[in-house]
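Below: the structure, in structure tokens.
All ligand and atom numbering here is 1-based and tracks the order in the structure. The figures that follow rest on heavy atoms only: side chains count, while hydrogens, waters and symmetry mates do not.
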Amino acid sequence: MNQADAQRIRGILADLGYTETAEEQDADLIIFNTCSVRDHAERRLAGRVRSLSALKRKNSDLIIAVAGCMAQNLKSKIFDLLPQVDIVFGPNDIEQLPKLLKNANAGKTLGKFLSKGSFDGESADGIIISRPFSAMVNIIRGCTNFCSYCIVPYVRGPEISRPVDELLIYIKELVDKGVKEVTLLGQNVNAYGKDLGMNEGFATLLEEIDKIEGLRWIRFLTSHPRDFTPEAIIRISKLKKVCEQYHLPFQAGSNRILELMGRGYTKEKYLELVDNVRKYIPNVSLSTDIICGFPGETEEQFEETLEMVKRVRYESAFMYYYSPRPGTKAASMPGQLSDEVKKARLARLIDVQTEISKEESLKLVGKTFEVLVESLSARDDSYVAGKTSSGRTVDFKGNKDLIGSFVNVEIEQARNWTLSGKLVNS
Ligand code: SAH
Ligand code: SF4
């Protein structure tokens with residue numbers, strides 16, 4: 001979501017005549033696009049901004065801006081916390097950036113902090129994507145779920161879907177500019193269209209996007225297990241362009257904890273969803289988000305989470321220990337666990353998942369996949385790297401002219417997550 005916001009921020013700045021630099025000391029403007037999902041992200045921002053103090057003293061024209069969820073949450077308090085900052089604006093008022101920049105020279109400026117995001121004025125022309133063949137597209141902003149641990153609904157506002165016809169025009173414009181892959185974004189993509197009065201709006205939207213000529217791959221993130229219906233799975237499984245990659249966050253393996261989290265599904269319902277997805281999309285790659293150490297979580301309940309990981313065998317998982325977010329329901333629940341217990345459980349969870357990721361990766365050796373080549377490989381300039389339809393990163397010997405094209409790669413070697421292979425004829 002932050003990367004999608006960054007695409008728009010980049011576009012707005014390019015329109016104003018800004019160009020990008022990788023060197024902090026050359027910058028006239030440094031924007032931090034922040035996250036408040038966990039305390040760790042917030043603490044990192046403070047450290048990074050403070051490290052710019054010397055640069056700010058040397059260059060009095062340098063403007064430092066804080067954008068994103070932390071800005072929305074703390075608003076003017078950021079100026080007290082970090083006096084180096086000149087502009088603070090939230091995720092729903094990115095369009096105000098030109099005005100804010102103009103005012104910033106006269107003193108510290110704040111955005112309007114709209115509680116509702118709209119899609120007004122968002123055109124494909126106005127965004128700059130870091131990879132010209134791959135774009136992220138917001139289909140639904142905000143979140144109305146209020147999971148008890150989560151700050152997102154407070155900072156991103158309620159769910160607002162972008163109308164189907166607008167999205168189709170937007171994506172067609174992107175495809176005309178050379179985009180081959182889109183990633184549709186929402187905190188809960190399965191809620192798409194509810195606020196527009198649609199039933200199974202997400203499946204309907206995908207069916208329409210699937211028809212766009214020139215577009216090759218469609219990904220989406222994130223699915224909410226409560227709202228992913230069997231009908232949607234069947235309809236989506238028939239679409240040729242939708243990638244075999246499903247991110248299905250389960251958060252916790254114990255029904256009691258799921259209830260306290262307010263997730264709206266049980267372990268049994270979740271497993272039914274997984275079985276259904278695997279039935280209709282046989283080569284699907286599954287990933288998930290997991291929180292351990294939620295308030296009141298017992299050792300037995302944590303073990304249920306481990307059991308879930310072993311039962312589903314995800315190819316990868318984003319794992320975190322619970323971080324209390326002030327103002328959310330869970331932050332004041334009884335039974336808050338010590339950092340020591342939370343960290344120890346996270347380490348055990350990571351160990352179990354890492355082993356599974358390795359084993360699942362090994363199963364891919366010898367198989368051939370279509371890969372969209374994305375960049376030069378980090379390890380060596382004579383290698384390029386790309387992604388399979390299931391979202392696996394693969395690197396192989398090849399030159400940079402392949403970037404942006406689809407090729408077939410046979411997997412020769414598997415590490416925990418990345419795979420290596422060789423180019424084969426299609
Ligand atoms: N809308 C998505 C998740 C968005 S936040 C969904 O519902 O799946 C991304 C992930 O951050 C969540 O899935 C959750 O695992 C994690 N997360 C959110 N709040 C957290 C908190 N307070 N502590 C630890 N992890 C948290
Ligand atoms: Fe947060 Fe839950 Fe909304 Fe995801 S669905 S963003 S976890 S409140």
Tell me which part of [X] gets within contact of ligand 1: side chain, backbone, both or neither, using heavy atoms under 4.0 Å.
{"X": "Arg263", "answer": "side chain"}
{"X": "Ile291", "answer": "side chain"}
{"X": "Tyr320", "answer": "side chain"}

What atoms in ligand 1 come closer than 4.0 Å to a heavy atom of [X]?
{"X": "Tyr321", "result": "24 (C)"}
{"X": "Arg325", "result": "22 (N)"}
{"X": "Asp289", "result": "9 (C), 10 (C), 12 (C), 13 (O), 15 (O)"}
{"X": "Pro249", "result": "8 (O)"}
{"X": "Arg38", "result": "11 (O), 16 (C), 17 (N), 23 (N), 24 (C), 25 (N), 26 (C)"}

| N, O or S from Cys150 under 2.8 Å to atom 1 (Fe) of ligand 2 | yes
Identity and distance of the protein heavy atom lying nearest [atom]:
{"atom": "atom 8 (S) of ligand 2", "answer": "Cys147 N, 3.3 Å"}
{"atom": "atom 6 (S) of ligand 2", "answer": "Gln187 OE1, 3.5 Å"}
{"atom": "atom 7 (S) of ligand 2", "answer": "Tyr149 OH, 3.3 Å"}
{"atom": "atom 5 (S) of ligand 2", "answer": "Asn145 ND2, 3.3 Å"}

| Does Cys143 put an N, O or S atom under 2.8 Å from atom 3 (Fe) of ligand 2? | yes
| message | Using modelled atom types and a 3.5 Å cut-off, is there a donor and acceptor pairing between side-chain atoms of Gln7 and backbone atoms of Met136? | response | yes
| Does an N or O from Gln187, backbone or side chain, lie closer than 3.5 Å to an N or O of ligand 1? | yes
